[in-house]
Amino acid sequence: MSNIKEFEDKMKKSIDALYEEYSSIRAGRANPHILDKIKVDYYGTPSSLQSVANISVPEARIIQIQPWEASLIKDIEKAILISDIGITPNNDGKVIRLVFPELTEERRKELAKDVKKKGDNAKVAIRNIRRDANDDVKKQNKAGEISDDEAKNLEDDIQKLTDKYVAQIDKAIEDKSKEILTV
């Protein structure tokens, strides 16, 4: 019997990857998740920003980073500058502030297009997983491991899973686009 669970896990991973990509897209509002991938050199060990500083969002368009140790300010600033978030950090010697500029209408539309493209890529990944799952079912049927009826039922189940995850992607695209286009 084909293991549908394995294919569903792959579909879940595709969706999770999409959500992670979306969390790093700046929508004009301060979202601390854009800092998730930034590493700071902490006594020779690359450490996540969250593990060396307190990160807060005091206002809608400001992220405030307060290092546990004042000596880390320069390293944190450097890490932010070499990252691809595109915001120049300001510091007052104690805290670093990232001020997010308002997005222009054009930039919002560009980001919305990017959101759609990333969503479409995730849909392609889901459909590729469906194809692999169906190939697996056909192989088992041909080898006589499962009957024609079982194969048909499994293919139906695989299609239902595919539809479910494609619908989740459509909703994610819609939600993220709405967030970006809302001024």
Side-chain angles (χ1 to χ4, degrees), residues 8-126 128-129 165-183:
E8 184 174 12
D9 288 345
K10 287 180 183 175
M11 288 182 182
K12 275 189 188 138
K13 283 186 183 127
S14 294
I15 294 261
D16 291 345
L18 179 69
Y19 288 146
E20 196 172 304
E21 275 190 87
Y22 280 1
S23 74
S24 67
I25 293 178
R26 283 198 342 217
R29 270 194 225 90
N31 178 349
H33 286 297
I34 71 159
L35 304 173
D36 287 352
K37 291 187 177 101
I38 297 177
K39 299 284 183 217
V40 179
D41 187 33
Y42 184 64
Y43 297 109
T45 307
S47 307
S48 72
L49 213 44
Q50 293 84 339
S51 65
V52 297
N54 182 28
I55 299 171
S56 60
V57 182
E59 292 174 39
R61 293 193 2 253
I62 297 175
I63 291 180
Q64 188 169 296
I65 304 161
Q66 188 161 14
W68 308 132
E69 299 172 29
S71 61
L72 283 172
I73 281 218
K74 287 280 170 246
D75 291 334
I76 291 174
E77 251 186 337
K78 197 168 84 182
I80 291 169
L81 284 169
I82 60 174
S83 75
D84 61 356
I85 64 169
I87 293 182
T88 307
N90 307 316
N91 91 64
D92 62 8
K94 291 189 187 80
V95 297
I96 296 172
R97 286 183 187 81
L98 300 177
V99 179
F100 289 73
E102 273 290 346
L103 293 178
T104 62
E105 187 63 29
E106 190 179 314
R107 182 69 183 128
R108 286 177 192 281
K109 285 182 177 153
E110 240 172 72
L111 283 173
K113 254 188 222 157
D114 192 38
V115 162
K116 179 148 178 39
K117 195 172 121 197
K118 284 177 176 15
D120 289 344
N121 290 343
K123 284 185 198 177
V124 168
I126 297 289
N128 287 340
I129 295 165
Y165 285 104
V166 166
Q168 279 183 21
I169 292 169
D170 285 336
K171 177 145 178 42
I173 291 171
E174 185 186 329
D175 292 350
K176 191 65 180 182
S177 296
K178 203 179 285 172
E179 175 190 334
I180 287 169
L181 295 171
T182 303
V183 182

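Residue numbers start at 1 and run along the sequence shown.
Considering only heavy atoms from C-beta on, Asn91 stays 4.5 Å or farther from Ile76 through its side chain. Residues Lys39 and Ser47 form no side-chain contact, since every pair of their non-hydrogen atoms from C-beta on lies 4.5 Å or further apart. The side-chain heavy atoms of Val99 and Glu59, taken from C-beta on, include no pair separated by under 4.5 Å.
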Just do the salt bridge (Lys or Arg N to Asp or Glu O under 4.0 Å) check on Asp114 and Lys118 with the steps written out, would you?
CA-CA 6 Å; Asp114 192 38; Lys118 284 177 176 15; 3.4 Å; yes
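Annotation: the span from Tyr19 atom OH to Ile169 atom CD1 amounts to 8.0 Å, rounded to 0.5 Å. Taken from CG in Asn121 to CD1 in Ile126, the straight-line distance is 12.0 Å, to the nearest 0.5 Å. Rounding to the nearest 0.5 Å gives a distance of 11.5 Å between OG of Ser48 and OH of Tyr42. Here the CD1-CG distance, from Ile87 to Leu98, works out to 5.5 Å after rounding to the nearest 0.5 Å. Atom-to-atom distance recorded for Leu35:CG and Ile38:CD1 is 5.0 Å, nearest 0.5 angstrom. The structure places CD1 of Ile65 at 9.5 Å from CD1 of Ile73, a figure rounded to the nearest 0.5 Å.
Within 6.0 Å of the CD atom in Glu69, the count of heavy atoms belonging to other residues, nucleotides or ligands exceeds 12.
When every heavy atom of Gln50 is checked against every heavy atom of Asp36, the shortest pair comes out as NE2-OD1, 2.7 Å. The shortest non-hydrogen separation linking Ser14 to Ile129 is OG-CD1, 3.7 Å.
Ion pairing between Asp120 and Lys116 holds under the 4.0 Å rule for side-chain N and carboxylate O. One finds no salt bridge joining Lys12 and Asp16 here, because no Lys/Arg side-chain nitrogen approaches an Asp/Glu carboxylate oxygen to under 4.0 Å. For the pair Glu102 and Arg108, the salt-bridge criterion is met [side-chain N within less than 4.0 Å of a carboxylate O]. Using a 4.0 Å cut-off between charged side-chain N and carboxylate O, Glu77 and Lys74 make a salt bridge. A salt bridge does not link Asp41 with Lys78: none of the charged nitrogens is closer than 4.0 Å to a carboxylate oxygen. A salt bridge is defined here as a Lys NZ or Arg NE, NH1 or NH2 lying under 4.0 Å from an Asp or Glu carboxylate O, and Lys176 with Glu179 meets this definition. Between Lys113 and Glu110 there is no salt bridge, since no side-chain nitrogen of the basic residue lies less than 4.0 Å from a carboxylate oxygen of the acidic one.
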